[in-house]
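Remember, predicted model here, so these are calculated numbers, not experimental data. Order of the sequence lines sets the chain letters (A, B, ...), proteins ahead of strands, with each chain counted from 1.
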Amino acid sequence: MQKNSYLDYKEIIAETVGTVLAESGVEKEALYALIEYPPDEKLGDLALPCFQLSKVLRKAPNLIAEELENKIDPAPYFEAVKATGPYLNFYVAPVPLVKDVLAKIITSGSKYGARSVGGGQNIVIDFSAPNIAKPFHVGHLCSTVIGNALYKIFEFLGYNCVGINHLGDWGTQFGKLITAYKKWGSAEAVEKGLIKELMRLYVKFHTEAEQDPALEDEARAWFRKIENGDEEALSLWRWFKEISLEEFQRVYDILEISFDSMAGESFYNDKIDAVVNELKEKELLVESDGAAIVNLDEYGMPPCLILKKDGSTLYATRDIAAALYRKKTYQFVKALYVTGAAQSLHFKQWFKVVELMGYDWAKELVHIPFGLVSLKGEKLSTRKGRVVLLEDLLKTAIEKTLAIINEKNPSLLQKEEVAQTVGVGAVVFGALSVNRIKDVTFSWEEALSFEGETGPYLQYTHARACSILRKAGYSPDAGVTFAPERLNEPAALKVVKALYLFPEKVLSAANEFEPSIISRYLIELAHTFNGFYHECQVLVDDQDLQQARLVLVWAVKTILATGLGLLGIKAPEQM
RNA sequence: GCGUCUGUAGCUCAGCUGGAUAGAGCAACGGACUUCUAAUCCGUAGGCCGCAGGUUCGAAUCCUGCCAGACGCGCCA
């Protein structure tokens, strides 16, 4: 059982019930895992189903529940313990709950929910990884924001994260691009059109190549030149890369996402031979149709391709080289790869190869897959020019937000800044609000929706809370003491119970590599708070009541900001 | 053909390490702004949880089969 510094009712219940049942050999850990939250508040706040205990205790579950009800003293954490059929229901005593949770949030501030379980160990997170010379489109959004959120979440839990942008800056596509540039491009056009011009050339290459397959050979020849260090080819490659990076950087600046390393694929060029040699030495390489492979029949997988017929490398080779390099450089306890679910087999294969090489840290490699983004049911395709640029989406979202502000809150100061925060927040939250694995069909309408379960909803709730605090001139330094018993309305208690869940939700989000757990939680928290907001006036004459409510509002504001922060979203004070 | 993932309200999704009466948002309809920001809140309506078996005291959740969709399966990444 993980002891932590946060109030943990499951632990309290496991402890007390465990003590009662000590002689029957029921483990406290097992009890902890059984405890659940009842579906209806009438059934209490926590419940212990006794079905499974009945096997060990050789007694009917409802009898067990009854006996436990009689043997357990609910005080001080519960006001009642009641057997309801086969369930033992626990009713939380409000005052200790309110006091403990709010006091802890006040004293920890933005650190509430944080832990030190990571112990400063390194976690490498490989995310975003757009391809050079291709536009940064909505398909890259998931990897970018999921990776960023996991980065923040693990840092929050005491790990030291290393964010790596494994740029797609090597490969045959550069040969294609140079071919197209030579035939249909010019320096002026590229200087002027930048990545959009590169994209035009790339698309043109593919349409022309359908008629004239010889172009493909030309492209391969140009890529070979890059690999052989031909100066003209290399300088074009560097130029294209520079242009792309500048464009990517603009998007990262808008998203306020940064990386600790921009080592892309080309970075590993000089590290691949050693890997191939090692695979040979360990007798893992087998020749097959002229290519060098690692056979994985035994593990029910197709073989992992290491070298092509012509001796050149493939992306599995590169990934293995990168993993070895990262292990040596960062001593990670986990390496996360945030890429599309389509690559699941690829990762399974080369993870296995690393294991077969004798590295036990292969088990620390984790693929974090996410679903496919499509456009009107059709795949995104750079080649066909069917994409939505991320920058366009973000800019549209910001413009729309500005229009809403001008309509609803025209006197707001720093409109542009707020519009940016909210517009970007809407897009980012949209990508983080559903389970990673779900495929999504991009729709402008949905991406630009600001009502209901959206980022702006959370930001709006936060801004409202800030507004109350501002009017009251409240800050926690002004007074941390408050009367917990005054927060006795159901609406207020619901909010406190929602706040209580935050640390637990952050932990699950990390364990499951699933930021959407935090997204959904924040929606729930905001919803309970908005209910409270409508029902209970905070600024009232009764000073004790007002003080208690202000503490609650401050706590909600803090958790909303912290939670949004973990998702990589900012929370404006006004909007 | 083989493999992986997905299938829950009209739409988008929670719930899936088995537990009590399957929950939200959007859209629809009806209500709440002289009161801390209505980007809000409250209410109504909406369900063979893809289908069929099985395991179990108990299945949306686990197992098997089938159906539908997405993705993957050696020289792209």
Problem - B:U6 and B:A28, which share atom name C1', separated by this distance in whole Å - result: 29 Å
Handout entry: A:H534 vs B:G43: side-chain N/O to OP1/OP2 distance below 4.0 Å
Key = no
Problem - Side-chain N or O of A:R520 closer than 4.0 Å to phosphate OP1/OP2 of B:G23 - result: no
Exercise for the section: Give a yes/no on whether any side-chain N or O of A:N295 is located under 4.0 angstrom from OP1 or OP2 of B:G74. Expected result: no
Exercise for the section: Answer with yes or no whether A:N89 presents, from its side chain, a donor or acceptor under 3.5 Å of a partner atom in the base of B:A20. Expected result: yes
Handout entry: Rounded C1' spacing from B:G69 to B:G50 in Å
Key = 11 Å
Exercise for the section: Report the distance from atom CZ of A:R470 to atom C1' of B:U37, rounded to the nearest whole Å. Expected result: 9 Å
Exercise for the section: Please evaluate the base of B:G74 for a donor-acceptor partner in the side chain of A:S288 within a cut-off of under 3.5 Å? Expected result: yes
Problem - Ring centroid separation A:Y9 to A:F90 under 6.0 Å - result: no
Practice task
Describe the nucleic acid contact of A:K379 in one word from base, sugar-phosphate, nothing, applying a heavy-atom distance below 4.0 Å.
Solution key: sugar-phosphate
Fill in the blank from the handout: A:N530 CG to B:C36 C1', in whole Å, measures 13 Å
Exercise for the section: Return no unless some side-chain N or O of A:K438 is found under 4.0 Å from OP1 or OP2 of B:G7. Expected result: yes
Exercise for the section: Would you tell me if any nitrogen or oxygen in the side chain of A:K348 comes within less than 4.0 Å of OP1 or OP2 on B:G72? Expected result: no
Handout entry: Check: A:H346 ring centroid to A:Y315 ring centroid under 6.0 Å
Key = yes
Practice task
Tell me whether the OP1 or OP2 atom of B:G23 has a side-chain N or O from A:Y37 closer than 4.0 Å.
Solution key: no
Handout entry: C1'-based separation of B:C29 from B:A68 [nearest Å]
Key = 34 Å
Handout entry: Assigned partner base of B:A52, Watson-Crick or wobble definition, under 3.5 Å
Key = B:U64
Practice task
Write down the distance between NZ (A:K557) and C1' (B:C36), rounded to a whole number of angstrom.
Solution key: 16 Å
Handout entry: Distance test, side-chain N/O of A:N435 to OP1/OP2 of B:A14, below 4.0 Å
Key = yes
Handout entry: Heavy-atom neighbours of A:K415 NZ exceed 12 at 6.0 Å
Key = yes
Exercise for the section: Can you tell me, in whole Å, how much space there is between the P of B:G7 and that of B:C51? Expected result: 13 Å
Exercise for the section: Write down the distance between CZ (A:F370) and P (B:A70), rounded to a whole number of angstrom. Expected result: 19 Å
Exercise for the section: For A:Q343 and B:C73, give me the distance from atom CD to atom C1', rounded to whole Å. Expected result: 14 Å
Problem - B:C36 phosphate, OP1 or OP2, under 4.0 Å from A:S467 side-chain N/O - result: no
Exercise for the section: Examine B:U37: is either OP1 or OP2 under 4.0 Å from a nitrogen or oxygen in the side chain of A:K471? Give yes or no. Expected result: yes
Problem - Note: A:K42-A:D40 ion pair, threshold 4.0 Å (strictly below) - result: yes
Problem - Separation of atom CG in A:L432 from atom C1' in B:A14, rounded to whole Å - result: 16 Å
Exercise for the section: Verify the ring-centre separation between A:W350 and A:Y337: is it less than 6.0 angstrom? Expected result: yes
Exercise for the section: Using the six-membered ring wherever Trp is involved, compare the ring planes of A:F532 and A:F529 and label them parallel, tilted or perpendicular (cut-offs 30° and 60°). Expected result: tilted
Exercise for the section: Using a cut-off of strictly less than 4.0 Å, decide whether A:K309 has a side-chain nitrogen or oxygen near OP1 or OP2 of B:C75. Expected result: no
Problem - Base B:A77 paired with A:Y315 side chain (donor-acceptor, <3.5 Å) - result: yes
Exercise for the section: May I ask you to decide whether A:E512 forms a salt bridge with A:R436, counting only side-chain N to carboxylate O separations under 4.0 Å? Expected result: no
Handout entry: Separation of B:U12 C1' from A:E453 CD (nearest whole Å)
Key = 9 Å
Exercise for the section: Please report, rounded to the nearest Å, how far the P atom of B:A70 is from the CG atom of A:L372. Expected result: 11 Å
